[in-house]
Amino acid sequence: MGPLELRPADVRRPSSSRRALLAGSVGNLVEWYEFGVYGSLATVIAANFFQSEGSSGAEALVATYASFALAFFFRPVGAVVFGRLGDRLGRRPALVVVVGLMTLATVMIGLLPTRAAIGAAAPWLLTLLRALQGLSAGGEFGGAVSLMTEYAPVGRRGLYGAWQSFTVALGLLTGAGTAAALASALPAEALYAWGWRIPFLLALPLGAVALWLRTALDEPPPPAAAPAGGVPVGPRELARAVVLGVGRIMGWSAAGYTFLVVLPSYLQATPGTSLRAALLATALANVGFAASILPAGALSDRIGRRPVMLGGALGVMVLALPLLHVLQSPGASPWSRAGAVLLAGALVGLMAGPGPAMLAEMFPRRVRCTGLGLAYALAGAVFSGCAGLVITALIARTGDTSVPAYYAAGACALSCCALLGLRGRGHREPLG
């Protein structure tokens with residue numbers, strides 16, 4: 001019997017569920033490790049690829065974030081292309097292709113000549129590779145979340161879906177931690193000259209492990225029963241569900257990238273904050289994020305997705321500005337700053353933990369990869385990918401250093417409105 005064929009005994013076999021969880025998780029880690037590296041080393045990448053003679057460091061940083069945002073706008077395309085593949089041919093082929101594409105593009109960035117070596121072609125080649133990464137990341141979420149939630153035992157769908165967000169946190173944390181370790185171990189000259197390449201090249205062994213796990217993967221079991229509710233799969237109904245899904249996770253997207261990815265380069269603009277200190281703060285924010293995700297997912301299996309996600313969104317709305325003021329204050333102690341970034345990350349985790357299962361429950365199986373992947377990719381393109389570009393440009397134009405807090409809190413306020421309409425018992429119904 002081939003790996004794509006289903007056996008009834010496998011429907012709730014613990015070993016099958018664990019293998020699916022591992023195969024989906026490792027691929028997510030590879031995808032988001034690279035995003036963490038790129039965000040943490042944005043100033044180094046700007047100097048090597050986007051800063052031409054006569055241009056300022058601020059202009060180069062804006063160009064770097066423009067490249068970062070461009071990759072996010074390719075994610076909806078990847079969500080549709082690979083989502084259709086996953087819905088029609090199976091979760092496994094889509095997940096194998098996306099992790100292979102991401103690994104290849106990431107390693108190629110590590111080998112790419114800089115602007116000093118090949119001139120203006122360097123930023124264009126980097127942007128092309130970022131676009132390929134965006135395509136692959138767009139297909140990753142829909143396939144991985146569908147796989148994890150469809151394999152989840154009864155009553156544990158929130159926890160299984162939360163592993164997608166947890167491995168995102170691990171990937172970002174690993175990327176930020178690797179960048180911070182290099183910044184501490186290498187002189188600045190070495191980091192800018194060649195040390196920045198090391199984190200990108202490390203994606204090769206990680207990607208090889210993910211590829212091996214996914215090629216041996218079984219397809220998820222068919223649903224045991226149809227759900228009591230659900231979204232019809234006509235184009236109009238599907239589009240409405242996608243838009244609603246975007247609204248429900250836009251706060252997660254905006255606050256997540258503000259606190260977890262944009263933070264390093266933003267803090268470097270704060271007087272007295274070094275690159276090492278900024279990277280350490282980002283690593284701590286990701287620790288807080290990672291620590292709250294799995295408990296939030298498990299809690300949502302008990303009390304529902306809505307109260308947990310609303311708690312995170314309301315927390316960001318109320319605390320984003322005070323937390324940012326702590327980070328900006330020259331008199332703040334290291335412990336208070338550490339507590340601020342840990343709390344910021346934990347609030348994002350309250351939304352990210354239940355979020356994948358919540359999206360999976362919005363779409364029936366035959367369009368699940370495409371629907372939830374597209375909702376996530378669109379939210380990421382608009383509210384995550386543009387975060388660094390919008391925040392950096394607005395600070396430069398207005399001089400208001402509180403812009404990151406306003407951005408995150410505003411998006412979370414809109415998410416609260418969309419989350420209020422979430423069904424209270426949707427977490428207890430079977431997936432269709």
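Keep in mind the model is a prediction, meaning the values are calculated, not measured.
- The backbone N or O of Trp212 sits less than 3.5 Å from a side-chain atom of Thr215, completing a donor-acceptor pair.
- Although no hydrogens or angles enter the test, the distance criterion places a donor-acceptor pair under 3.5 Å between the side chain of Asn48 and the main chain of Tyr192.
- Of the inter-residue distances, the one linking Leu347 atom CG with Ser292 atom OG reads 8.0 Å to the nearest 0.5 angstrom.
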- Task: Could you please spell out the steps behind the side-chain contact (heavy atoms from CB on, under 4.5 Å) verdict for Thr103 and Leu211?
- Result: CA-CA 9 Å; Thr103 301; Leu211 199 60; over 6 Å; no
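- In plain terms, the two heavy atoms of Ser136 and Leu101 that are nearest each other are CB-CD2, 3.9 Å.
- A distance of 12.5 Å separates CD1 of Ile395 from OH of Tyr407, quoted to the nearest 0.5 Å.
- Distance alone, capped at 3.5 Å, is enough to place a donor-acceptor pair between the Ser415 side chain and the Gly247 backbone.
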- Task: Decide yes or no on side-chain contact (heavy atoms from CB on, under 4.5 Å) for Leu350 and Leu299, but give the supporting numbers first.
- Result: CA-CA 10 Å; Leu350 291 179; Leu299 181 62; over 6 Å; no
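- By the 4.5 Å heavy-atom criterion applied to side chains, Glu34 and Leu206 are not counted as neighbours.
- Across all their heavy atoms, Ala122 and Leu112 have their closest contact at O-CD2, 4.1 Å.
- Between Tyr376 and Trp252, the distance from one ring center to the other falls under 6.0 angstrom.
- A salt bridge (charged side-chain N to carboxylate O under 4.0 Å, His left out) with Glu150 is found for one member of Arg368, Arg366, Arg157 and no other, namely Arg368.
- In this structure, Pro356 and Thr149 have side chains that are not in contact, with every pair of non-hydrogen atoms separated by 4.5 Å or more.
- Between Val81 and Leu135, the closest side-chain pair of non-hydrogen atoms is not below 4.5 Å.
- Minimum heavy-atom separation, Ala254 to Ala411: CB-CB, 3.4 Å.
- For the pair Cys416/Met309, no side-chain contact is recorded, criterion being any heavy-atom separation below 4.5 Å from C-beta on.
- Side-chain rings of Phe49 and Trp196 approach one another, their centers coming within less than 6.0 Å.
- Note that SG of Cys369 is 7.0 Å distant from CG of Leu95, once rounded to the nearest 0.5 Å.
- Counting heavy atoms from C-beta on, the side chains of Met108 and Leu125 never come closer than 4.5 Å.
- Within 6.0 Å of atom CZ in Arg197, more than 12 heavy atoms from other residues, nucleotides or ligands are found, so the atom counts as buried in its surroundings.
- Distance check: Leu159 CG to Ile293 CD1 gives 11.5 Å after rounding to the nearest 0.5 Å.
- Between Tyr33 and Pro199, the closest side-chain pair of non-hydrogen atoms falls below 4.5 Å.
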- Message: Go through it in stages, so that I can follow the logic: the residues are Thr370 and Arg84, the test is side-chain hydrogen bond (donor to acceptor under 3.5 Å, both in side chains), and I'd like the CA-CA distance, side-chain angles, deciding distance and then a yes or no.
- Response: CA-CA 6 Å; Thr370 305; Arg84 297 281 287 176; 5.4 Å; no
- Verdict with supporting geometry, Leu378 and Phe383, side-chain contact (heavy atoms from CB on, under 4.5 Å): CA-CA 8 Å; Leu378 287 171; Phe383 299 102; over 6 Å; no
- salt bridge (charged side-chain N to carboxylate O under 4.0 Å, His left out) between Glu140 and Arg214, intermediate numbers included: CA-CA 12 Å; Glu140 171 68 27; Arg214 288 184 171 183; 2.6 Å; yes
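- When every heavy atom of Val26 is checked against every heavy atom of Ala210, the shortest pair comes out as CG1-CB, 3.5 Å.
- Between Leu372 and Met362 the shortest side-chain heavy-atom distance does not fall below 4.5 Å.
- Atom CG of Leu85 is separated from atom CZ of Arg91 by 10.5 Å, given to the nearest 0.5 angstrom.
- Closest approach of Arg248 to Leu422, counting heavy atoms only: NH1-CD1, 3.1 Å.
- Judged by distance alone, the side chains of Gln133 and Thr106 do bring a donor and an acceptor atom under 3.5 Å apart.
- If you look at Trp163 and Tyr160, their ring centroids are not closer than 6.0 Å.
- Within the 4.5 Å cutoff, the side chain of Val348 has heavy atoms near those of the Phe259 side chain.
- Here the side chain of Thr167 pairs a donor or acceptor atom with the backbone of Gln164 at under 3.5 angstrom.
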- Message: Working note: Tyr151 + Leu21, criterion side-chain contact (heavy atoms from CB on, under 4.5 Å); need CA distance, chi angles, decisive distance, verdict.
- Response: CA-CA 8 Å; Tyr151 258 113; Leu21 197 61; over 6 Å; no
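- For the residue pair Gly158 and Ala357, the shortest heavy atom distance occurs at CA-CB, 3.7 Å.
- Rounding to the nearest 0.5 Å gives a distance of 10.0 Å between OG of Ser300 and CE of Met358.
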